[in-house]
Amino acid sequence: MDFNRNGNNQNGDNGQWDRWDSNASHSSYYNQPTHRPYGQSFSIASAVCGLLSMMTCCTVILSLPLGALGILFAVLAHRKGRKMNNTCATGLIFSCAGLFSALFIILYSFVMLPTFMKNEAFRNQLNSMTEQIYGIGFTELMEQYYGYSFEE
């Protein structure tokens with residue numbers, strides 16, 4: 001006995017045959033093969049990478065490669081002149097936003113570091129954290145390896 005998607009047999013209980021789920025071919029109404037649209041996996045990968053890039057923009061190390069991968073997957077999904085679907089466009093927007101926010105945080109940190117180093121409390125906290133990690137204070141590290149001094 002053949003059963004349709006709802007569990008009813010095709011001859012009986014509700015008197016209606018489920019034409020969208022025929023057990024003979026598992027295809028659509030006009031007997032065309034059913035498949036997922038091409039490029040769907042790249043669109044989903046772009047959206048996931050873009051969302052993760054936006055969520056991890058404060059941890060710059062993760063956000064930069066995820067944003068770049070999201071843009072790459074969006075370009076691969078949009079190749080061959082096809083229209084960009086909503087998932088792909090969302091992934092592209094999120095990837096660009098995550099990438100630009102991470103770049104902004106990097107630039108802001110480098111530009112504002114000399115100003116922050118003038119604050120005594122910030123400098124002491126940064127020196128103590130650097131000593132715990134590297135065994136040398138931040139000011140000594142910058143002077144020794146980069147030749148940059150924060151004193152005026």
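Index from 1, following the sequence.
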| note | Residues at least two apart in sequence or cross-chain that pass side-chain contact (heavy atoms from CB on, under 4.5 Å) with Ala47, listed by chain then number, are Thr87
| said: Distance check, rounded to the nearest 0.5 Å: Asn124 atom CG versus Asn119 atom CG? | reply: 9.0 Å
| task | To the nearest 0.5 angstrom, please state how far the CD1 atom of Ile71 sits from the CG atom of Leu76. | result | 12.0 Å
| task | May I ask you to test the Leu66-Leu99 pair for a side-chain heavy-atom distance under 4.5 Å? | result | no
| field | Backbone N/O of Asn86 and side chain of Thr90: donor-acceptor pair under 3.5 Å | value | yes
| field | Between CZ on residue Phe100 and CE on residue Met54, distance to nearest 0.5 Å | value | 13.0 Å
| field | Common cluster, Met142/Phe110, ILVMFWY with side-chain heavy-atom separation under 4.5 Å | value | no
| Is any side-chain heavy atom of Leu92 closer than 4.5 Å to a side-chain heavy atom of His78? | no
| field | Pairwise side-chain contact, Glu140 with Thr130, heavy-atom cut-off 4.5 Å (strictly under) | value | no
| field | Heavy-atom donor-acceptor pair, Ser128 side chain to Gln125 backbone, under 3.5 Å | value | yes
| query | Can you tell me how far CD of Glu131 sits from CG of Leu126, rounded to the nearest 0.5 angstrom? | reply | 10.5 Å
| field | Shared hydrophobic cluster, Ile44 / Leu52 (ILVMFWY, side-chain heavy atoms < 4.5 Å) | value | yes
| message | Tell me whether Leu141 shares a hydrophobic cluster with Ile133, the cluster being built from Ile, Leu, Val, Met, Phe, Trp, Tyr side chains joined at under 4.5 Å. | response | yes
| task | Looking only at non-hydrogen atoms, find the nearest pair between Ala77 and Phe42 and report the distance. | result | CB-CB, 3.6 Å
| said: For the CZ atom of Phe138 and the CG atom of Leu113, what is their distance to the nearest 0.5 Å? | reply: 5.0 Å
| Do Ile105 and Val111 belong together in a cluster built from hydrophobic side chains that touch within less than 4.5 Å? | no
| request: Please list all pairs passing the side-chain hydrogen bond (donor to acceptor under 3.5 Å, both in side chains) test where one or both residues lie in residues 95-112, with sequence neighbours left out. | output: none
| message | Is there a continuous path of hydrophobic side-chain contacts, each under 4.5 Å between heavy atoms, that joins Ile106 to Met117? | response | no
| query | From Leu62 CG over to Cys57 SG, what is the distance, rounded to the nearest 0.5 angstrom? | reply | 11.0 Å
| field | Nearest non-hydrogen partners of Leu64 and Ala102, listed with the distance | value | CD2-CB, 3.9 Å
| request: For Phe122, look at atom CZ and say whether over 12 heavy atoms of other residues, nucleotides or ligands are found less than 6.0 Å away. | output: yes
| request: Please say whether more than 12 non-hydrogen atoms of neighbouring residues, nucleotides or ligands are located less than 6.0 Å from CD1 in Ile61. | output: no
